[in-house]
Amino acid sequence: MAGSRNRLVTLGLVMSAASNAVAGLLPDQPGRRGNSGNEPLNLGFETGNLQGWEVVYGDAFGNKSVTDAASYWGGPFHQDQKYFIWGITQAGEAAVGELKSRSFRATSVLSFLIGGGYDPDNLYVGLVRDSDNRLLLKQTATNDEALIRIVWDTSKWAGQSVHVIIHDSSTSQSWGHINFDDLRIGPRALGDGDGLTFQVIGQANQPPRRNTPACSIYAEDPLRPQYHYTPYQGWINDPAGLVQWKGRHHLFSQFNPAAPVWGPMHWSHAASTDAVHWRELPVALSPANTSIPGDASGRFTGSAMIRGDTLDLVFTDFIDGATHPGAIQQSVAVASSTDGVNFKLYPGNPVVLGPPVGAPVDFRDPKVFHDKTDNSVKMVIGATDGTHGQVQLYRSTDSGPYSWSHVGPLYTGDGSTGNPWECPNFFPLGNKWVLFYGGNGLGYYETGTYNSSVFTSEKRGLLDAGPASYAMQWYKDESGRDLAITWLANWQTSKTPTRVNGWAGQQSITRELFLTADGGLGSRPIAELNSLAKGPTKNLGRFQVGDRARDLGNSNTARVKLTVNLKETRASSFTLAVFESRAESTLLSYDVASRTLTLDTTNGGYGQAGKWQAVLAKPADDKLALDIFLDRGILEVFAGDGTVMSATVWPRYKQSTGISLVGRNGTLAVAAASVTPLGSSWC
Ligand SMILES: *[C@@H]1O[C@H](CO)[C@@H](O)[C@H](O)[C@H]1NC(C)=O
Ligand SMILES: *[C@@H]1O[C@H](CO)[C@@H](O)[C@H](O)[C@H]1NC(C)=O
Ligand SMILES: *[C@@H]1O[C@H](CO)[C@@H](O)[C@H](O)[C@H]1NC(C)=O
Ligand SMILES: *[C@@H]1O[C@H](CO)[C@@H](O)[C@H](O)[C@H]1NC(C)=O
């Protein structure tokens, strides 16, 4: 382990030593800017064609692979300079082939931009040694057209003659291609210009786990959130089975341990005494082993139910129709545990065979709750009436998880919030009932009234106004608080650069839900998060700031609190920049007159790029409060009125840790500001 750690930490040093010697190793002098000095190798394809590269076989690559397209359906490609290889333009998705660079002498580091499909066996950039044609390193992409930079420590082979291959043996019609640009050798491989260094990412840089605690191993991965739950390797999506039982909070997640992409669903399992510090437990549920190749059957999202000394999980059993023709695809099943670690499937499964007679197949994510209106155990399930999202209501006939009768549709959407609905939750809060669900790729809540069988909505809103939230799940803890955790991602704006480090998906911090002054649903971070503080809070006190930005601190793993005195503020707007360096930043702006909060991640990094807005309530005391959690690549912003905005940003550069504040058109009156460095939830 120590070896791996040293390798990563010392890359920078190795490089600066190499920087004096490296120019002589190259067949040409690298230019200070761009690859213009590297024409013989044509490392960035700025000739507009494949000059200097050789098609080894196949028709996937040719001169038409080189393009100057700036953007695709999902945003910019982020190529270097003008040209790059878009693996689809020569002969489409399914074509196969291999491209090879000219030979060069390896230096101690190499980097390049990669995009396209995730397929470690069939789509990769490889480093090959000329003398024995050995593949020394390889890296697949992320199921994203946009390019991200991989940095390889090649010091073991420095001085040897090597070449790079771009390999595509994927015949898939979906993500069957690979994109490539800007191969860098020598010191330029590590960064841009003066003082901007790339995050060192890529599977080749990942330390193996062995028996190393998550605390230290997670610290080494620059993309890895430190206090948001992530899987060590593999993929997670929906949080499930949230419960506090015998003092411990349990967080299960939809999980594919085999790869950082969705696949046969397991339930990963973590537990915590404070809903902040998680400890990984064995996988709680695994798919039935049918030994049918490609069988995607698995255990979909569900909820937990406490029955005395037994903890029940009530979930969707998904049977893959492609490999099990004619099977009922989504039924409700139960697994139980008496130790909170080992779960046994109920032999009488399924407990609900499928959707109500005549209803469409979509029928999933059972959420059990106690119905205080008639003192019964009930369950909501996400569904559809064919054209509208719908929530079905069931009542337990044995007060347990085994026997259910269909009450009817609890609530049917008007069509504007998606179809079908998934991941419904239903519970009383204050003098209202809250229903929330996933639809249109977003999380919606509705607050209203309920008469034991039918919900009547009064108000609707988003559970999170940012781009990174789906499948939120609620639970009531032992102290009676209404808590929630959301998957900090969604299916629509898929940006998962972390795939190159072997993992994908993260859960939010634990949030406390409350009714807002106008009857909506608000969120705030739970008080226990204070225990993450690592080092003293930097209190900036009261101050005024105008159009000259003021530095508030420097950290990408921190909590930033800002209270603005709107009464004394003359500025028309202000902007808080986080994850900031000369090259990039994420901007959080507030327009005083319209009370609009805008999160702008357009130039934030490898993650979700765009602008998201929410109109905040007018604070009663004229004090606007923002509470912001930064965690390496992601942020969660909580406004005082209960609005929350989350985004996955993943800055490209190590230096993107700045935090600054600027007022526009006058001075901003800051009543209080602080920056608290946060530590790891795994330590
Ligand atoms: C690409 O175009 C150049 C210039 O016309 C030509 O010399 C080269 O053979 C072409 N390469 C391929 C792979 O078609
Ligand atoms: C599934 O079953 C097959 C056949 O019994 C066996 O060879 C295989 O190892 C099993 N796979 C897993 C993941 O248990
Ligand atoms: C609840 O309201 C619905 C719709 O108004 C009505 O059909 C149903 O009978 C009511 N149920 C109860 C238990 O009052
Ligand atoms: C400054 O004020 C002008 C005029 O009121 C307005 O149009 C402009 O948007 C303001 N600028 C900012 C950055 O808020």
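When a ligand or atom number is given, it counts from 1 through the structure's own listing order.
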Worksheet item: Are Lys138 and Tyr124 in a cation-pi contact, defined as NZ or CZ under 6.0 Å from the six-membered ring centre and within 45° of the axis?
Response: yes

Worksheet item: Is the NZ or CZ atom of Arg149 both under 6.0 Å from the centre of the six-membered ring of Phe198 and within 45° of that ring's axis?
Response: yes

Worksheet item: Strictly under 6.0 Å, is that where the ring centroids of Tyr346 and Tyr402 end up?
Response: yes

Discussion item. Are Tyr83 and Phe45 an aromatic pair, judged by ring center distance below 6.0 Å?
Written reply: no

Fill in: Protein non-hydrogen atom found under 4.0 Å from atom 11 (N) of ligand 3
yes

Discussion item. As a test of the contact definition, would atom 14 (O) of ligand 3 count as having a protein heavy-atom neighbour under 4.0 Å?
Written reply: yes

Worksheet item: When rounded to the nearest 0.5 angstrom, what is the spacing between NZ in Lys367 and CG in Asn425?
Response: 5.0 Å

Discussion item. Show the atoms of ligand 1 that are less than 4.0 angstrom away from any heavy atom in Asn49.
Written reply: 2 (O), 3 (C), 4 (C)

Item to complete: Among all protein heavy atoms, pick out the one at the shortest distance from atom 2 (O) of ligand 3; state its residue, atom name and that distance to 0.1 Å.
Response: Asn451 ND2, 2.3 Å

Worksheet item: Which protein non-hydrogen atom lies closest to atom 9 (O) of ligand 1, naming both residue and atom, and how far is it?
Response: Asn63 ND2, 4.8 Å

